[in-house]
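Working notes for the structure below.
Each chain gets a letter, A, B and so on, in the order its sequence line appears, and its residues count up from 1. Quick caveat: nothing in here was measured; it's all calculated off a predicted structure.
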Protein chains: 2
Amino acid sequence: MPKQTFFNLEPERREAIIKAAVEEFAQAPFEQASLTKIVENCGIAKGSMYQYFKDKRDLYLYIVDLAYEQKRAYVAKAFAKEGDIFSVLEEYYQESYAFALDHPLFHQVTNKFWDNKGGSLRLELEKGRLSRASDFAQFLDAAMAEGKVNGELDPEAVFFVYHAVGKELIDNFDQVRSDGFLKRVLDVLRLGLAAREEAEK
Amino acid sequence: MPKQTFFNLEPERREAIIKAAVEEFAQAPFEQASLTKIVENCGIAKGSMYQYFKDKRDLYLYIVDLAYEQKRAYVAKAFAKEGDIFSVLEEYYQESYAFALDHPLFHQVTNKFWDNKGGSLRLELEKGRLSRASDFAQFLDAAMAEGKVNGELDPEAVFFVYHAVGKELIDNFDQVRSDGFLKRVLDVLRLGLAAREEAEK
DNA sequence: CCGAAATATGACCACCCGGTCACCTCTGTA
DNA sequence: TACAGAGGTGACCGGGTGGTCATATTTCGG
């Protein structure tokens with residue numbers, strides 16, 4: 001949490017700080033990002049930064065929050081949409097992709113944040129994972145109750161697969177340019193690898 | 001590549017260096033790992049290290065190679081085994097799991113290596129990814145030719161999903177203790193999420 | 001116009017890093 | 001024994017880090 005002083009700042013100054021911090025944290029993971037570079041790039045004194053934030057970590061978590069706030073605005077549309085779980089998933093990744101295109105720096109901040117697994121942010125990471133897990137579990141449970149999803153499957157394993165593929169997709173939005181590819185990846189999840197004995201309509 | 005001097009060392013000394021380096025690189029990614037700590041932990045002088053290796057990166061890549069060499073010994077069994085692509089995959093992850101249990105430090109070294117995406121080892125990473133991709137592509141092509149795999153799917157998308165899930169599985173071997181879970185995750189890939197109209201045998 | 005409180009500053013601190021190099025020791029050969 | 005070359009060493013270098021603090025400046029109520 002930034003200190004009150006930060007919010008008392010003229011917006012111009014505040015935004016310069018945010019801009020410089022986003023650029024740095026998009027470029028390097030928390031441990032390797034340099035506070036010194038941030039203050040140099042926004043033209044404020046090092047000491048001033050400590051009037052606004054408790055420490056580097058405080059600034060970082062604030063920036064990560066900002067990034068996720070932006071992202072939520074995009075993906076919320078997907079969950080609001082009518083349709084089966086497959087079209088919701090497709091919409092979700094379409095929106096994530098749009099977010100990555102519109103806000104590449106925020107997108108990189110969120111990606112770098114995930115990578116921290118082993119680092120000093122394990123707790124914050126786990127919190128985010130659980131919250132996303134429960135969102136998805138709700139949708140999945142509903143879909144299974146309606147018989148829309150293969151009942152043989154373990155919901156926990158389904159979440160695991162969804163989470164793994166989603167992470168990889170989002171990680172690679174930079175390379176994956178074709179819309180069609182997203183759909184084809186989701187097809188693999190939907191249809192499964194095993195050959196079907198009976199023809200699908 | 002270590003210098004010749006390194007291989008001239010008494011095995012005792014050589015292994016002390018390897019042990020200390022493995023411990024450090026298992027604990028922190030390349031950029032954050034500390035050469036200074038390594039030399040302290042194996043009781044040799046900093047300067048000596050530079051008689052054996054060109055630089056930190058050279059030492060690191062040597063250790064990563066060692067780790068993958070160990071791992072190859074495990075997973076080779078899977079590809080040698082008879083059976084359809086699904087049982088090969090299961091065997092592959094079973095062996096990866098066994099490797100993680102038997103050599104937890106090597107396992108962590110390989111995991112940390114993958115995470116480098118944005119860092120200074122992109123080239124080495126990409127090389128490894130391509131080689132694994134071609135191994136898998138061979139198996140997949142054969143399985144599709146035999147009609148064992150759903151022909152509607154895009155092989156590239158199948159590889160993408162396999163790769164994502166495999167990475168996540170291996171990343172989480174520390175938590176995923178139950179054998180059954182591995183099988184259930186692979187079931188999700190095999191059977192797909194979509195409900196089947198006709199009962200499976 | 002004054003003084004107190006809030007804010008801004010950058011030199012400075014202790015610490016850590018990868019890498020170097022002049023010097024020392026050891027080993028084997030002539 | 002003398003000497004050469006290979007190997008070993010750790011003090012040292014330049015550079016970077018996050019964080020602090022005494023001091024200067026600005027703001028603003030009385």
Give the rounded distance in Å between these two atoms: CD of E40(A) and C1' of dT17(D).
12 Å
Please state how far atom CZ in F53(A) lies from atom P in dG18(D), giving the value in whole angstrom units.
15 Å
Result block: side-chain N/O donor-acceptor pairs under 3.5 angstrom for residues 68-75 of chain B, not counting sequence neighbours:
residue: Y68(B); atom: OH; partner: W114(B); partner atom: NE1; Å: 3.0
residue: Y74(B); atom: OH; partner: D102(B); partner atom: OD2; Å: 2.6
residue: Y74(B); atom: OH; partner: H103(B); partner atom: NE2; Å: 3.3

Identify each donor-acceptor pair in which a side-chain atom of residues 154-162 of chain A lies under 3.5 Å from a protein atom, sequence neighbours left out, and give them as a table.
residue: D154(A); atom: OD1; partner: E156(A); partner atom: N; Å: 3.1
residue: D154(A); atom: OD2; partner: R184(B); partner atom: NE; Å: 2.6

Once base and sugar-phosphate atoms are separated, protein heavy atoms under 4.0 Å mark nucleotides 5-22 of chain C, 5' to 3', with B, S and - as --SBBB------SBBBB-
Are the side chain of K56(B) and the backbone of A33(B) linked by a donor-acceptor contact shorter than 3.5 Å?
yes
Between K112(B) and D115(B), does any side-chain N to carboxylate O distance fall below 4.0 Å?
no
Could K19(A) and E15(A) be called an ion pair, given the rule that one side-chain N must be under 4.0 Å from one carboxylate O?
no
